[in-house]
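One structure is given here, and the rest of the page talks about it.
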Amino acid sequence: MMRTHSCGELRASDAGSEVRLAGWVHHRRDHGKIIFLDLRDASGTVQVVVHPDVGVDAESVQREYCVSIGGTVEKRKPGTENANLPTGEIEITARSLEVLSPSETPPFIVEDGVDVDDVTRLKYRYIDLRRPEMQHALRLRAKVVGEIRSYLDARGFTEIETPILFKSTPEGARDFLVPSRLQRGSFYALPQSPQMLKQILMVGGMERYYQIARCFRDEDLRADRQLEHTQLDLEMSFVEQEDVLQLLEGLFIHLWRECVGVDVEQPFPRIPYAEAIRRFGTDHVDLRYGMELADLNEVFSETSLGIFRSVITSGGTIRGFAVPGAGELNHAQLKRLEHAAMDRGAKGLAWVILRDGGEVDSPLAKHLSERERNGIASATDGKPGDLILMMADKAEVVNPILGALRMELAKERGLIPDGAWKFCWIVDYPFFVWNPDEDKWDPIHHPFTMPVGGGETLDGDPAAVRASAYDLVLNGLELLSGSIRIHRPDIQRKVFDALGISPEDAEERFGFFLEAFRYGPPPHGGIGCGIDRVMMQMLGTENIRDVVAFPKTQSGVDPLSGAPTPVDPDQLKILGLRPLPS
RNA sequence: GCCCACGUGGAGCAGCCUGGAGUGCUCGUCACCCUGUCAAGGUGAAGGUCGCCGGAUCGAAGCCGGUCGUGGGCGCCA
């Protein structure tokens, strides 16, 4: 037997036990005669004492050596306990020590919170993964996935794998392509998501499907984006939107109870898309703090300011919000806010600082009537000492920019309460968004989303059509999105029509899919949920690399293996490929 | 494709603006000392073509240009 106990589990109650432990030498403290070793395994660390007279060679043992130690658990002498260690009341008096394998000096120390360059960490990921932080992240991730499985299995779901080698369906993100050896000149694509396959599973009568699915997108990376990410992919037959929302709400309540130890507030609020935009400027609603956007058109209906007046008469909007306590900001800081707004496309950013007695500081002060000063304060719920930020422009410009500033300022000024978990559903999405660049209507979800009310609504104003789509948002981050799908070929045709997808286009791209839908597809709907994002939220990290065992750098390189690498010309030849001169 | 920042012994940084011998800090490594430490302590030592290429200069880690790498962002991600 390699070991009788784990390092981290030993307590004072184990005193007197003969134990055999195995793990890594976390640290050695050599006092000349007596030597202390901190022995670490997955469960934690424990102190090993090597006395000079037992014939155990602890001097040649170094950091990160993998060793096996036999000895006795003993209560530490009074005054030598370590309250910082769960095992701090005891120590192991070593009687034998075997080096299982030696270690070179590690490039960095195995310790939480150490500041090491990301490439170094990724190159020596096996060292990095020894850190308790990383171990916790990966274990929690496994627990989350496990809880998802048990929750869904208990509710009649079947976990089904779908192919990694699939068909390219251009549109959306760039596909990763895999050349076919057997069909020279043809390519598989790695799935961006199993969307069509899971719908076909519904046609196949599986009724309740889920999968922890890897999804691939060949797009540029970000702090929260890798080339591949993991999605909880789920689809159910014979359901309406309400059924899906209930199931998923239950899942997240379950996950937070089991994996975070928190009972989150329920039911999750449902916020219609239009209301989300109106109150927060975005559908990634963060309900942890106030600072909601207010409409100021009424306040400025008789304004003497030319800019505001012309925005109102041209059908634009004046909106603003209060930043609690931000009246202390100096001119340079306010200027920076204005720049931040203008970088995002604002023409300007007006600011008003509320003072006692209805007075204000503002570049606009002399243009503001008493009615306007009071109106601004009451509309934004601003108090003396608060900063009011205002923008006048088209609603599509004002809302997202103010929404972004609201989020930034809340974060910057510490207005976000710790430990708050604010889930909400965003519902009643519009079906189309106008794409001014290409002068056409784009679907806000994917083109298989059911329009509310079926196909007839598509004959009217595209802007008025609702989608049976829904997002789950947590603390301002989208965790999942889904929809009820189109199961009727006639409606699907009308949607393709409205999106400018010709029958020939549709046939070429989705022919196999549309054919399946000629054979009695059931009404169905589902979701895709970013597991990496869920983990980032649970662990409170902003970097996806913290929740993935072997991530890639921003340029798509894996420093551990060096991938991607050139391949042998023979391999290319077999595939019928020849690289272009660069 | 674009913008910003960074690149200095094994790790993390300072030095650069204002050019004058690779100077410094924390940790690690090695040697010696040390029987109660837990970030052990003490003494000493080794270890760096300042990412790479080029330029101006008597002289470059430092200034200028380029390039590569990394991080963050924009575009992109239905």
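A note on names: the letters A, B, ... follow the listed sequences, proteins ahead of strands, and every chain is numbered from 1. Just so you know, these numbers come straight off a predicted model, no measurement behind them.
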Per atom distances to the Ile34(A) side chain, the nearest of rG28(B), rC38(B), rG36(B) is rG36(B)
Please state whether the base of rC38(B) and the side chain of Arg76(A) form at least one donor-acceptor pair under 3.5 Å? yes
Assigned partner base of rA56(B), Watson-Crick or wobble definition, under 3.5 Å: none
For Asp117(A), answer base if it contacts any base atom (sugar-phosphate contacts may also be present), sugar-phosphate if it contacts only those atoms, and nothing otherwise; contact means non-hydrogen atoms under 4.0 Å. sugar-phosphate
I need the CZ-C1' distance between Phe108(A) and rG28(B), as an integer number of Å. 13 Å
Give me the distance, rounded to whole Å, that separates rC52(B) from rA60(B) when you measure between the P atoms they each carry. 15 Å
Quick check on side chain to side chain donor-acceptor pair (under 3.5 Å): which of Gln492(A), Arg488(A), Lys494(A), Arg493(A) does Asp490(A) satisfy it with? Arg488(A)
I'd like to know if the side chain of Asp461(A) and the backbone of Ala463(A) have a donor-acceptor N/O pair within less than 3.5 Å. yes
Base, backbone or nothing for each nucleotide of nucleotides 72-78 of chain B, written B, S, -, heavy atoms under 4.0 angstrom, 5' to 3'? BSBBBBB
Please report the distance, rounded to the nearest Å, between CZ in Arg121(A) and C1' in rU70(B). 14 Å
State the pairing partner of rU43(B); accept Watson-Crick or G-U wobble contacts with both distances under 3.5 Å, and report none otherwise. rA31(B)
According to a strict under-4.0 Å criterion, is Thr553(A) in side-chain N/O contact with OP1 or OP2 of rU70(B)? yes
Once you round it to whole Å, what is the distance between C1' of rC30(B) and CZ of Arg63(A)? 14 Å
Does rC38(B) pair with anything, Watson-Crick or G-U wobble, both distances under 3.5 Å, and if so, with which nucleotide? none
Look at the rings of Phe513(A) and Phe448(A) and say which category their plane angle falls in: under 30° parallel, 30 to 60° tilted, over 60° perpendicular. tilted
Between rG15(B) and rA45(B), how far is it from one P atom to the other, in whole Å? 27 Å
Pick the closest RNA chain B nucleotide for Val49(A) and for Pro107(A) by heavy atoms, then say which residue is nearer the 5' end. Pro107(A)
Would you list the atom pairs, donor with acceptor, under 3.5 Å between side chains in residues 475-485 of chain A and any protein atom, with sequence neighbours excluded?
unit_1, atom_1, unit_2, atom_2, d
Asn475(A), OD1, Lys422(A), N, 2.8
Asn475(A), ND2, Ala420(A), O, 3.0
Ser483(A), OG, Arg485(A), NH1, 2.7
Arg485(A), NE, Glu235(A), OE1, 3.3
Arg485(A), NE, Glu235(A), OE2, 2.7
Arg485(A), NE, Ser483(A), O, 3.4
Arg485(A), NH1, His446(A), NE2, 3.2
Arg485(A), NH2, Glu235(A), OE1, 2.8
Arg485(A), NH2, Gly526(A), O, 3.3

Thr80(A) vs rC38(B): side-chain N/O to OP1/OP2 distance below 4.0 Å: no
Whole-angstrom distance between rA14(B) and rC6(B), as gauged at atom P: 10 Å
Over all strands shown, is Gln62(A) touching base, sugar-phosphate only, or nothing at heavy-atom distances under 4.0 angstrom? sugar-phosphate
C1' gap between rA39(B) and rG19(B), integer Å: 39 Å
When rounded to whole Å, the CG to C1' distance for the pair Asn82(A) and rU37(B) reads 10 Å
Please pick, from rG36(B), rU37(B), rU70(B), the nucleotide with the shortest atom-to-atom distance to any side-chain atom of Arg29(A). rU37(B)
Nucleotide rU37(B), atom C1' - distance to CG of Asp38(A) in whole Å: 9 Å
Separation between the P atoms of rU8(B) and rC50(B), rounded to whole Å: 11 Å
Here's a test of your reading of the structure: between Arg28(A) and Lys77(A), which maps to the more 5' nucleotide of RNA chain B? Lys77(A)
Considering every strand shown, what is the Watson-Crick or G-U wobble mate of rU18(B) when both distances are under 3.5 Å? none
Below 4.5 Å, heavy atoms only, C-beta onward: do Lys167(A) and Met196(A) meet side chain to side chain? no
Length of the line joining Phe36(A):CZ and rG41(B):C1', which is rounded to integer Å: 13 Å
Which distance, rounded to the nearest 0.5 Å, do you find between the NE2 of His229(A) and the OG of Ser193(A)? 8.0 Å
Can you tell me how far P of rC38(B) sits from CG of Asn84(A), to the nearest Å? 11 Å
Is Glu228(A) close to Val548(A) at the side-chain level, that is, under 4.5 Å between some pair of heavy atoms? no
Please report the interatomic distance CD(Glu219(A)) to CG(Asp175(A)), rounded to the nearest 0.5 Å. 9.5 Å
Using every non-hydrogen atom in the two residues, find where Asp233(A) and Lys198(A) come nearest and quote the distance to one decimal. OD1-NZ, 2.8 Å
Using atom C1' of each nucleotide, how far apart are rG9(B) and rC27(B) to the nearest Å? 13 Å
According to the interplanar angle, ranging from 0 to 90°, do the rings of Phe496(A) and Phe510(A) count as parallel (below 30°), tilted (30 to 60°) or perpendicular (above 60°)? parallel
Is there a donor and acceptor pair closer than 3.5 Å between the side chain of Glu91(A) and the base of rG36(B)? yes
What is the separation between atom NZ on Lys123(A) and atom P on rU70(B), rounded to the nearest whole Å? 13 Å
Using the P atom as the reference point in each nucleotide, state the distance between rG7(B) and rG51(B) in Å, no decimals. 8 Å
The Watson-Crick or G-U wobble partner of rC74(B), with both key distances under 3.5 Å, is rG1(B)
Among the nucleotides rG28(B), rU35(B), rG10(B), which one has an atom lying closest to any side-chain atom of Thr105(A)? rG28(B)
For rU67(B), what is the paired nucleotide under Watson-Crick or G-U wobble rules, both distances under 3.5 Å? rG51(B)
Looking at Gln47(A), I'd like to know whether one of its side-chain N or O atoms comes within less than 4.0 Å of OP1 or OP2 on rG36(B). no
P-based separation of rA56(B) from rU26(B) [nearest Å]: 41 Å
